[in-house]
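Note sheet for the following structure.
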Amino acid sequence: AACSSKYVLSQIHPMWQQPIAVPGGHCQSPIDIVVRKSVFDSALKPLATDYDPETCQQIWNNGYSFLVEYDDSADKSTLKGGPLQDQFRLCQFHFHWGESNAWGSEHTVDRRLFPAELHLVHWNSDKYSLFEEAVSGDNGLAVIGVFLKVGKRHEGLQKLVDALPAIRHKGSVVEFTRFDPACLLPSNTEDYWTYHGSLTTPPLTESVTWIVMKQHIEVSHDQLAVFRSLLFTSAEEEVQKSMVNNFRVQQPLCGRTVRSSFT
Ligand SMILES: OSc1ccc(O)cc1O
Ligand SMILES: [Zn+2]
């Protein structure tokens with residue numbers, strides 16, 4: 001499947017998550033990862049993340065999810081290795097989740113749904129000088145996906161959970177500093193699946209090297225409940241809508257190969 005990086009104009013319903021068909025898009029995300037159809041590639045290296053917590057700047061509600069944004073004006077928080085040939089800069093991370101613990105992730109593994117999924121978004125700083133250029137460029141982005149399961153409380157996540165009430169409404173921003181996103185990675189960063197796909201929110205550009213970790217992280221039921229206390233709507237709107245089910249429907253594989261770094 002030739003994955004062009006042109007803007008994909010999708011016929012989207014008012015609820016952007018449910019684009020019916022994305023004409024011209026043959027490399028869309030998310031997908032179901034069929035484990036037995038993934039192809040082991042011994043050349044795939046462990047992920048090499050080098051994040052500087054001092055580059056953490058703010059947390060805000062963009063009306064789709066909440067984003068923790070990093071200063072990406074220099075190569076301070078970087079991702080290399082894995083399937084990547086170039087160096088990528090961390091610019092933000094965000095999550096997708098459901099209204100119940102039964103669903104919420106964007107990717108699935110043999111159709112298995114998780115209650116939530118973390119996306120760490122990086123752009124290719126060897127090839128581009130700004131995220132905005134990379135987002136629609138070839139080999140522009142690398143996104144690490146980590147599944148969340150409900151279990152024990154995640155101590156590192158709590159600082160982020162405590163900041164959420166301050167950004168309940170769309171458009172609200174608060175300062176958020178000294179957060180090390182490495183604490184959200186699973187202990188095993190050697191085992192992952194990787195494939196070529198797209199953003200799962202508009203502009204849905206097909207510029208993403210996806211790296212989906214095999215090992216999940218655990219968060220508590222109460223921590224996830226705070227995610228669901230966020231709102232899609234701004235303070236001025238009459239009707240307030242809970243920010244839940246902010247995941248996109250799965251997209252056709254269109255002949256793409258999913259590689260695995262493990263057997
Ligand atoms: O959902 S995946 C994703 C990746 C990059 C981005 O800038 C926004 C996104 O939502
Ligand atoms: Zn995402």
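Order of listing sets the numbers, starting from 1, for every ligand and every atom in it.
- Screening Asp71, Thr55, Asp72, Asp180 against Ser77 for a side-chain hydrogen bond (donor to acceptor under 3.5 Å, both in side chains) leaves a single residue, Thr55.
- When side chains are defined from C-beta on, Tyr64 counts as touching Pro202, because their heavy atoms get closer than 4.5 Å.
- For atom 3 (C) of ligand 1, the nearest non-hydrogen atom of the protein is His94 CE1, 3.7 Å.
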*Verdict with supporting geometry, Tyr192 and Val212, side-chain contact (heavy atoms from CB on, under 4.5 Å)*: CA-CA 5 Å; Tyr192 56 84; Val212 180; 5.9 Å; no

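- Using a 30° and 60° split on the angle between ring planes, Trp210 and His119 fall in the perpendicular class, above 60°.
- Contact between Arg248 and ligand 1 is absent, with no heavy atom of the residue lying under 4.0 Å from the ligand.
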_Walk me through whether His107 and Trp193 qualify under ring-ring contact (aromatic ring centres under 6.0 Å, His included)._
CA-CA 11 Å; His107 292 90; Trp193 294 280; 9.8 Å; no

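- In the vicinity of His96, heavy-atom distances shorter than 4.0 Å reach the ligand 1 atoms 1 (O).
- A tilted orientation is assigned to the rings of Phe179 and Phe176, their planes being inclined by 30° to 60°.
- Nearest non-hydrogen protein atom to atom 10 (O) of ligand 1 is Thr201 OG1, 2.9 Å.
- Interatomic distance, SG of Cys183 versus OH of Tyr51, reported as 11.0 Å (0.5 Å rounding).
- Here is the list of ligand 1 atoms found below 4.0 Å of a heavy atom in Leu199: 4 (C), 5 (C), 6 (C).
- Using modelled atom types and a 3.5 Å distance limit, the side chains of Gln240 and Arg168 yield no donor-acceptor pair.
- Shown in contact with Gln92 at under 4.0 Å from a heavy atom are these atoms of ligand 1, numbered in order with element: 6 (C), 7 (O), 8 (C).
- Close approach to Thr200 involves these atoms of ligand 1, each under 4.0 Å from a residue heavy atom: 1 (O), 2 (S).
- Each of Thr209, Leu90, Leu118, Leu120 was evaluated against Ile144; a single residue qualifies, Leu120, per the side chain to side chain contact (heavy atoms under 4.5 Å, CB included) test.
- Put simply, the side chain of Val208 does not reach to within 4.5 Å of the side chain of Ser29, judged on heavy atoms.
- For Phe131, the closest heavy-atom approach to ligand 1 falls below 4.0 Å.
- Protein atoms of type N/O/S that fall under 2.8 Å from the Zn ion (ligand 2) number 3 in this view.
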